[in-house]
Amino acid sequence: MPDSAPSNFLQDLVAEDVRTKKFGDAIIQTRFPPEPNGYLHIGHAKAICIDFGLADKFGGKTNLRFDDTNPSKEEQEYVDAIQNDVRWLGFEWDRLCYASDYFPQLYDWALQLITAGKAYVDDLSADEIRQHRGTLTEPGQDSPYRTRTIEENLDLFARMKQGEFPDGSRVLRAKIDMASPNLNMRDPVMYRILHATHHRTGDEWCIYPMYDYAHGQSDSIERVTHSICTLEFTDHQPLYRWYIEQLDIFPSQQIEFDRLNITYNQMSKRKLLQLVQEKLVAGWDDPRMPTLSGIRRRGFTPEAIRVFVAAAGVSRTNGSVDIEMLEHFQRDDLNRRARRAMVVLHPLKLVIDNYPSSQEEFVEVANNPEDPAAGTRQVPFSREIYIEQDDFREIPPPKYYRLSPGKEVRLRNAYFITAHEVVKDAAGTIVEVHCTYDPASRGGNSPDGRKVKSTMHWVSAAHAISAEIRLYDKLFTKADPNDVEEGQSFLDYLNPSSLEILSGAKLEPSLATANPGDRFQFERVGYFCLDPDSTAEKLVFNRTLPLKDSWAKIEKKAGG
Ligand code: ATP
Ligand code: MG
């Protein structure tokens with residue numbers, strides 16, 4: 001986390017534990033525990049920054065642990081992508097762990113709980129267990145199998161493991177309290193039967209531990225001091241502690257913080273998976289997705305994400321952050337670092353009648369005015385150039401200062417030009433503008449001190465290269481796409497114009513040598529990034545963000 005990150009309740013809590021030596025001489029140990037059932041998204045980035053940031057602040061360590069207890073949803077593809085994304089964000093874990101590595105230990109501990117009379121095999125179906133569970137106002141009912149003898153439980157559990165019984169026929173439950181006001185404590189399921197091939201343990205197991213039983217014990221095995229998770233686990237904390245106390249193992253401590261939600265985005269892995277499976281997006285790394293692979297491909301930087309996450313802060317109540325805030329930090333970062341280039345998205349040809357047709361020249365342009373160390377480059381100029389269609393009006397509306405007949409403007413880093421006449425096609429569309437230039441204004445200033453009100457970007461027609469430009473916009477039309485009317489789903493709020501593809505753009509030739517992932521500011525247009533779909537024959541640029549910063553405006557309005 002950046003040094004400027006304000007202190008927060010998590011830091012205060014850990015600091016206090018360090019002061020009181022709550023964990024003796026143990027180092028501060030955290031973990032980031034993704035389930036490999038999807039790609040990481042920007043919400044996970046917050047958890048990662050917190051887990052790694054806290055350990056780092058207190059000289060501790062962080063494990064990356066895959067919470068791989070549900071083979072029906074988990075895959076190696078996700079395991080690989082998650083590691084890649086954590087590293088991309090800028091973090092390196094201490095140990096790489098898998099909950100599945102602890103299956104033998106978890107099984108032994110289950111036997112220990114059975115032997116202590118603290119767990120039993122239940123033959124009720126999932127539905128019956130739900131019916132017996134009671135409600136917030138009514139206590140649950142004991143299962144008729146709750147009083148099985150220890151011997152019978154040990155025998156049945158061993159046979160569950162050996163594969164004697166079909167899926168769903170039996171479970172192992174903790175014997176706690178069917179009348180507990182906390183529903184999680186009403187004899188929670190510890191193990192279920194699932195004849196499924198696990199991406200790491202293969203067919204070795206056909207019983208799998210439930211999240212609540214696996215998670216805390218995995219923390220304890222790794223000697224995690226602070227097991228930081230999101231608020232939905234608050235009601236699970238008594239159960240987390242119960243298992244650790246019954247087994248008398250390392251007392252890892254669970255602490256909850258608020259989930260990151262961002263307007264116009266979807267942070268549910270299940271729903272993101274649905275978008276991918278139904279091909280509503282091009283994949284997990286579609287640049288419109290809030291996944292780390294998606295926003296990376298879109299051109300977002302790990303630096304900006306870390307600053308954003310720190311600025312969004314942590315608290316104990318869930319809320320939602322404006323997407324404009326993320327965009328603001330991203331623009332800020334790219335403005336400082338992205339190389340500039342001139343690109344015309346919607347070209348209009350401009351012919352400079354008094355510029356010799358046999359001539360070409362190179363003008364020197366700063367690669368990044370914010371960063372002199374980025375140097376300069378030579379950009380070719382010639383008689384025919386492209387400008388944006390929007391930068392010319394035959395009949396200018398009031399306050400339109402760009403090019404129109406009789407008006408003089410500056411071509412950035414090049415010359416003053418004055419438009420004279422237009423050429424139209426049969427349909428009346430302007431296809432060419434003719435102008436003259438002032439050779440004395442080379443570099444963009446007139447020796448006689450003449451002022452112009454507008455500076456425009458341009459690309460020399462003879463030297464221009466082409467590319468496909470993908471303009472991305474919000475994936476959803478609603479700030480909270482999960483807030484839907486009855487009978488609707490978040491899919492009803494997909495933005496039909498979240499992707500616009502331009503094929504006619506004209507780019508300055510220096511962009512021909514860009515590499516996938518390279519980020520640019522196309523002057524006066526926005527931030528762009530070369531997409532990995534690019535080939536030598538066809539470049540593809542993704543728009544990361546347009547230049548306009550609506551967040552700065554919102555802040556200003558709010559008097560910030
Ligand atoms: P699910 O459990 O539904 O698959 P999940 O988003 O909780 O989804 P995990 O892989 O369990 O996915 O998450 C790993 C860690 O990231 C957990 O500690 C979780 O609390 C944290 N996390 C997940 N989503 C967010 C979010 N939006 N903001 C902050 N932390 C999050
Ligand atoms: Mg989870």
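Keep in mind that the numbers below use all heavy atoms, side chains included, and drop hydrogens, waters and symmetry copies. It should be emphasised that the depicted structure is a prediction, and the values quoted were computed from it without experimental measurement. Both ligands and their constituent atoms are indexed starting at 1 by order of listing.
Taking any N or O of Asp258, backbone or side chain, none lies under 3.5 Å from an N or O belonging to ligand 1. For Phe257, no nitrogen or oxygen atom sits less than 3.5 Å from a nitrogen or oxygen atom of ligand 1, counting backbone and side chain alike.
Distances shorter than 4.0 angstrom occur between a heavy atom of Phe32 and an atom of ligand 1.
Other residues, nucleotides and ligands place no more than 12 heavy atoms under 6.0 Å from the NZ atom of Lys57. Counted within 6.0 Å of CD on Glu16, heavy atoms from surrounding residues, nucleotides or ligands total more than 12; the atom is thus considered enclosed.
Near Ala47, meaning under 4.0 Å from one of its heavy atoms, ligand 1 places the atoms 16 (O), 21 (C), 30 (N). Atoms of ligand 1 lying under 4.0 Å from any heavy atom of Thr230, numbered from 1 in the order shown and given with element: 19 (C), 20 (O), 29 (C), 30 (N), 31 (C). Below 4.0 Å from some heavy atom of Asn37 lie the following atoms of ligand 1, by number and element: 4 (O). In the vicinity of His41, heavy-atom distances shorter than 4.0 Å reach the ligand 1 atoms 24 (N), 27 (N).
Between the side chains of Glu74 and Asn37, no donor N or O sits under 3.5 Å from an acceptor N or O.
Ion pairing between Asp101 and Arg200 holds under the 4.0 Å rule for side-chain N and carboxylate O. The pair Asp187-Lys175 fails the salt-bridge criterion, with no side-chain N (NZ, NE, NH1 or NH2) lying under 4.0 Å from an Asp/Glu carboxylate O. In this structure, Lys21 does not pair ionically with Asp17, as no charged nitrogen and carboxylate oxygen lie closer than 4.0 Å. The residues Arg337 and Asp332 are annotated as not salt-bridged, no charged nitrogen and carboxylate oxygen being separated by less than 4.0 angstrom.
At a heavy-atom distance under 4.0 Å, no atom of Ser268 approaches ligand 1.
Of the candidates Glu35, Arg270, Arg259, Met267, Arg259 brings a heavy atom nearest to atom 6 (O) of ligand 1.
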